[in-house]
Peer 1: 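Okay, handing you the structure first.
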Amino acid sequence: EAGVVQSPRYKIIEKKQPVAFWCNPISGHNTLYWYLQNLGQGPELLIRYENEEAVDDSQLPKDRFSAERLKGVDSTLKIQPAELGDSAVYLCASSTGASHPDTQYFGPGTRLTVL
Amino acid sequence: AQSVAQPEDQVNVAEGNPLTVKCTYSVSGNPYLFWYVQYPNRGLQFLLKYITGDNLVKGSYGFEAEFNKSQTSFHLKKPSALVSDSALYFCAARGGGGFKTIFGAGTRLFVKA
């Protein structure tokens, strides 16, 4: 079974530029999460989707961050414009949503460096 | 506020010795507790979880964790450490009925040959 796929794995951009990250969850997983992981810290939830609906985006900085999961499968997280403090690893995770609590399976992450 | 604490930034153990990675939590209601491991440039991998029932939970790669309600702890253990166990370990918790998982800051485990 293929795991959670994320791309790109690494991204270096200048501040004020836009950037987008893509995630393809495990097939059949209805729930998708985007997390932010700063160096030396645990993941922090940015947004959670149940199918195509964003059910928890309270931690997403909506002035510059946006996300979408239009068909309830893959998802894109965007930052526009990027700031120096956005340098971090962005993790995507998915779960079946069929049980509570269900286990989250993580992708390898995208490491963003903002110069 | 809900929180997860991993009091040790780093744990050092010799190969073959038992290991313990500590975790305490503070969540509302009955807790759901998880351990994940992260290798360099990799995502988090699920090790085990506690939902209810037996306080000793067995997971992947010979790891187990003991739930202690009175001490609000969920320590990760392994009877005999391997060099390949060297990695970053994260404890996570979710309050009963809730959907948000809170992660600790992580503990780096070094197993010396």
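Each chain gets a letter, A, B and so on, in the order the sequences are listed, and its residues count up from 1. These numbers come from the heavy atoms of this one structure, side chains and all, not from hydrogens, waters or symmetry mates.
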Peer 1: Examine B:Lys49 relative to B:Phe34 and say whether NZ or CZ is less than 6.0 Å from the centre of the six-membered ring and inside a 45° cone about the ring axis.
Peer 2: no

Peer 1: Decide yes or no for A:Tyr33 and A:Asp56: does some side-chain heavy atom of the first lie under 4.5 Å from some side-chain heavy atom of the second?
Peer 2: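 No, side chains not in contact.
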
Peer 1: So which part of B:Tyr36 gets closer than 4.5 Å to some heavy atom of chain A, the side chain, the backbone, both or neither?
Peer 2: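 B:Tyr36 touches chain A through side-chain heavy atoms alone.
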
Peer 1: Which one wins on heavy-atom pair count under 4.5 Å against chain B: A:Tyr10, A:Tyr35, A:Phe106?
Peer 2: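 The candidate making the most pairs under 4.5 Å is A:Phe106.
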
Peer 1: Side chain from CB out, backbone as N, CA, C, O: work out which of these in A:Glu44 comes under 4.5 Å of a heavy atom of chain B, or both, or neither.
Peer 2: neither

Peer 1: Given the options A:Arg111, A:Gln37, A:Gln59, A:Gln6, which has more heavy-atom pairs under 4.5 Å with chain B than any of the others?
Peer 2: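 Ranked by contacts with chain B, first place is A:Gln37.
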
Peer 1: Salt bridge or not for A:Glu50 and A:Arg48, using N-O below 4.0 Å?
Peer 2: yes

Peer 1: Looking at B:Tyr89 versus B:Phe63, is the centre-to-centre ring distance below 6.0 Å?
Peer 2: yes

Peer 1: Non-hydrogen atoms of chain A under 4.5 Å away: do they reach the side chain of B:Gln45, the backbone, both or neither?
Peer 2: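 No part of it gets close to chain A.
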
Peer 1: Do A:Phe65 and A:Asp57 have side-chain heavy atoms sitting under 4.5 Å apart?
Peer 2: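 Answer no - side chains too far apart.
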
Peer 1: With a 4.5 angstrom heavy-atom cut-off, could you sort out which part of A:Gln104 is near chain B: side chain, backbone, both or neither?
Peer 2: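 Both backbone and side chain of A:Gln104 come within 4.5 Å of chain B.
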
